[in-house]
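Worksheet: the structure to be examined is printed underneath.
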Amino acid sequence: MAAALYRDYIVDLKARIDDLHTNAESYQSYALTMELLAQKNLVSYSAKKAKGQTEGLSYRRDFTTGQAVRMQQESAYALFSGFFNLGQFLAFTGQGREQNAKQFAELLTDNWQYPTCAVHFDYRRKGQPKTASTRMHFVGLNGEAEATSYEQTARTDSLVLRRPFASVLFWEWK
């Protein structure tokens, strides 16, 4: 069975994140955490608003040297925006997390050939009665041909096959 494609989901997710980025004052509360694995680096971005207080932190960790460097939020945000503009996406189920962090990163990125991005986003707009939430992990690909190629090398239980997807670890919008 072929893995589910997520381009449409990413377009919607990017629109929501972009709206938060440009109109943060229209949100009652939010918590956004994104982690990008690419080119032997982990880039982490977090932004949070709770009880009227906002905070954010971004950093880059080099898997080769182990060094971590704090980044400007705007610079980190631009990297994630670039990821979301790729041509096609597959989602991970969360199965197979037995390796150490470096081995797991190499497995997900197919030895650093493809970037991956984990996103956990909870938000409530002002005036909305309830919170929207998603937690997913995607691999970014240039198109459907590359998605097919990636799927052939991935563990059979590691990719989402049917949408909408929900498990204890990952879920689409709820």
Side-chain angles (χ1 to χ4, degrees), residues 1-21 27-48 63 76-77 79-125 128-174:
M1 181 176 244
L5 300 176
Y6 273 85
R7 177 76 188 132
D8 62 320
Y9 189 87
I10 293 293
V11 168
D12 175 66
L13 176 63
K14 183 180 185 310
R16 293 180 195 215
I17 293 171
D18 286 347
D19 185 65
L20 172 70
H21 189 73
Y27 290 81
Q28 182 71 33
S29 63
Y30 58 84
L32 172 62
T33 303
M34 302 185 288
E35 292 186 336
L36 178 67
L37 286 170
Q39 300 175 345
K40 297 187 180 182
N41 284 276
L42 167 69
V43 177
S44 181
Y45 176 99
S46 66
K48 182 177 181 178
F63 271 95
Y77 185 78
L79 294 173
F80 288 96
S81 189
F83 174 85
F84 294 138
N85 285 324
L86 289 171
Q88 191 53 268
F89 302 87
L90 302 175
F92 296 109
T93 61
Q95 302 297 314
R97 295 180 153 258
E98 66 278 349
Q99 293 87 2
N100 69 35
K102 186 175 184 219
Q103 290 173 327
F104 190 56
E106 289 171 352
L107 174 73
L108 292 176
T109 61
D110 194 10
N111 291 314
W112 301 105
Q113 292 184 72
Y114 306 105
T116 73
C117 182
V119 178
H120 187 185
F121 187 20
D122 298 309
Y123 71 88
R124 185 167 70 108
R125 285 185 158 280
Q128 281 187 333
K130 61 184 207 174
T131 301
S133 173
T134 187
R135 184 175 178 184
M136 296 291 289
H137 193 167
F138 305 98
V139 60
L141 306 142
N142 287 320
E144 290 189 30
E146 214 171 69
T148 301
S149 175
Y150 182 90
E151 185 180 356
Q152 291 169 352
T153 64
R155 286 180 37 177
T156 55
D157 64 344
S158 67
L159 295 174
V160 172
L161 302 178
R162 277 184 239 103
R163 293 182 56 193
F165 181 75
S167 71
V168 173
L169 188 59
F170 295 130
W171 58 89
E172 293 186 32
W173 291 110
K174 61 178 182 176

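Heavy-atom basis, side chains included; hydrogens, waters and symmetry copies ignored. Positions are given from 1, in the same order as the sequence printed here.
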Grab the two heavy atoms, one from [X] and one from [Y], that are nearest each other, plus how far apart they are.
{"X": "V119", "Y": "C117", "answer": "CG2-SG, 3.8 Å"}
{"X": "A147", "Y": "L5", "answer": "CB-CD2, 4.3 Å"}
{"X": "A4", "Y": "L90", "answer": "O-CD2, 3.5 Å"}
{"X": "V139", "Y": "L108", "answer": "CG2-O, 4.4 Å"}

Find the distance between [atom1] ([X]) and [atom2] ([Y]) and round it off to the nearest 0.5 Å.
{"X": "K130", "Y": "Q128", "atom1": "NZ", "atom2": "CD", "answer": "9.5 Å"}
{"X": "L86", "Y": "E146", "atom1": "CG", "atom2": "CD", "answer": "8.5 Å"}
{"X": "N142", "Y": "S149", "atom1": "CG", "atom2": "OG", "answer": "11.0 Å"}
{"X": "H120", "Y": "L32", "atom1": "NE2", "atom2": "CG", "answer": "9.5 Å"}

Kindly assign one of parallel, tilted or perpendicular to the pair Y123 and F121, based on the angle between their ring planes and the thresholds 30° and 60°.
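If you compare the ring of Y123 with that of F121, the planes turn out tilted.
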Check the angle between the aromatic planes of W112 and F63 and answer parallel, tilted or perpendicular using the 30° and 60° thresholds.
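It falls in the tilted class, 30° to 60°.
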My understanding is that only residues two or more places apart in sequence, or in another chain, count here; which of them pass salt bridge (Lys or Arg N to Asp or Glu O under 4.0 Å) with [X]?
{"X": "E35", "value": "none"}
{"X": "R124", "value": "none"}
{"X": "R7", "value": "none"}

Verify, without hydrogens or angle tests, whether [X] (side chain) and [Y] (backbone) share a donor-acceptor contact under 3.5 angstrom.
{"X": "D12", "Y": "D8", "result": "no"}
{"X": "E151", "Y": "A3", "result": "yes"}
{"X": "S81", "Y": "Y77", "result": "no"}

How would you list, by chain and number, every residue that makes a side chain to side chain donor-acceptor pair (under 3.5 Å) with [X], sequence neighbours excluded?
{"X": "W171", "value": "S133"}
{"X": "N111", "value": "none"}
{"X": "T116", "value": "H137"}

N/O donor to acceptor pairs below 3.5 angstrom from side-chain atoms of residues 37-47, sequence neighbours left out:
residue : atom : partner : partner atom : Å
N41     : OD1  : R60     : NH1          : 2.8
N41     : ND2  : Q39     : O            : 2.8
S46     : OG   : L57     : O            : 3.3

Tell me, do [X] and [Y] make a side-chain contact under 4.5 Å, heavy atoms counted?
{"X": "F80", "Y": "H21", "result": "no"}
{"X": "N85", "Y": "K14", "result": "yes"}
{"X": "M34", "Y": "I17", "result": "yes"}
{"X": "L107", "Y": "S158", "result": "no"}

Test of understanding: with ring-ring contact (aromatic ring centres under 6.0 Å, His included), list the residues that count as partners of [X], not counting sequence neighbours.
{"X": "Y150", "result": "Y114"}
{"X": "F83", "result": "F89"}
{"X": "Y6", "result": "Y9, F138"}

S167: which residues meet the side chain to side chain contact (heavy atoms under 4.5 Å, CB included) condition with it, sequence neighbours left out?
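With neighbours one apart ignored, the set is F165, L169, F170.
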Pairs satisfying salt bridge (Lys or Arg N to Asp or Glu O under 4.0 Å), at least one member in residues 103-122, at least two apart:
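Applying salt bridge (Lys or Arg N to Asp or Glu O under 4.0 Å) to every pair that reaches into residues 103-122, excluding sequence neighbours, yields K102-E106.
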